[in-house]
Student: 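One structure, pasted below without further comment.
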Amino acid sequence: MTLYPVADDVLFAPGGRVVIRTYGVASAATGDGAIAPVSYRTWVTGVRDQPRYWRWGHFEDARHGHRKVIEWLTGRGPQPAAAAA
């Protein structure tokens, strides 16, 4: 498995530290030279109830989604719709 970092952020809140990490994940390459597809995820840890995550289809969606998650956590926007918690 290969991880491709997209963005990392840390927010400090009254309840503690919140970490937002977005990265791409690809399975191990096969011997026939085929390119493994990359899936993108944003993980949020440190939120009161449980960790939350979102899945994105493409790199640009992941970058935009990461920004939307930060806006939601800081109260500047709605919760992103692609949530898979």
Side-chain angles (χ1 to χ4, degrees):
M1 177 174 10
T2 304
L3 296 176
Y4 301 99
V6 175
D8 285 327
D9 284 289
V10 177
L11 301 174
F12 294 98
R17 187 172 78 146
V18 178
V19 178
I20 305 100
R21 226 172 232 140
T22 300
Y23 56 89
V25 178
S27 58
T30 60
D32 61 5
I35 297 173
V38 179
S39 62
Y40 295 91
R41 297 183 181 115
T42 297
W43 278 94
V44 176
T45 55
V47 177
R48 176 180 267 201
D49 294 330
Q50 75 273 354
R52 297 177 180 260
Y53 73 95
W54 288 259
R55 291 184 183 187
W56 316 106
H58 303 285
F59 177 80
E60 289 300 323
D61 295 337
R63 283 190 40 209
H64 183 71
H66 182 91
R67 191 169 48 248
K68 289 292 189 182
V69 170
I70 291 174
E71 289 175 3
W72 168 62
L73 289 169
T74 57
R76 293 180 290 170
Q79 181 176 0

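On a predicted model such as this, the values are computed, not experimentally measured, just so you know. All values below were derived from every heavy atom in this structure, side-chain atoms included, with hydrogens, water molecules and symmetry-related copies excluded.
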Student: Does some side-chain heavy atom of R63 sit less than 4.5 Å from a side-chain heavy atom of T22?
Tutor: no
Student: Do V19 and V25 land in one hydrophobic cluster if side-chain heavy atoms of ILVMFWY residues count as linked below 4.5 Å?
Tutor: no
Student: Enumerate the salt bridge (Lys or Arg N to Asp or Glu O under 4.0 Å) contacts for residues 9-21, please, sequence neighbours excluded, ordered by first and then second residue.
Tutor: D8-R21
Student: Is there side-chain contact between Y4 and V38, with at least one heavy-atom pair below 4.5 Å?
Tutor: yes
Student: Is there side-chain contact between I70 and R76, with heavy atoms separated by less than 4.5 Å?
Tutor: yes
Student: Tell me the closest heavy-atom pair linking V6 and G24, and the distance in Å.
Tutor: CG2-N, 4.2 Å
Student: Using 0.5 Å steps for rounding, measure from the CG atom of D61 to the NE2 atom of H66.
Tutor: 14.5 Å
Student: Should W72 and R52 count as side-chain neighbours, where that means a heavy-atom distance under 4.5 Å?
Tutor: yes
Student: Between W54 and P80, which heavy-atom pair has the shortest distance, and what is it?
Tutor: NE1-O, 3.4 Å
Student: Heavy atoms only: give me the nearest G46-V18 pair and the separation to one decimal.
Tutor: O-CG2, 3.9 Å
Student: Just wondering, do T74 and L11 contact through their side chains at under 4.5 Å, heavy atoms?
Tutor: yes
Student: Quick one: NE2 on H64 to CH2 on W56, what's the gap to the nearest 0.5 Å?
Tutor: 8.0 Å
Student: In terms of side-chain heavy atoms, does W43 have a donor or acceptor partner in Y23 at a distance below 3.5 Å?
Tutor: yes
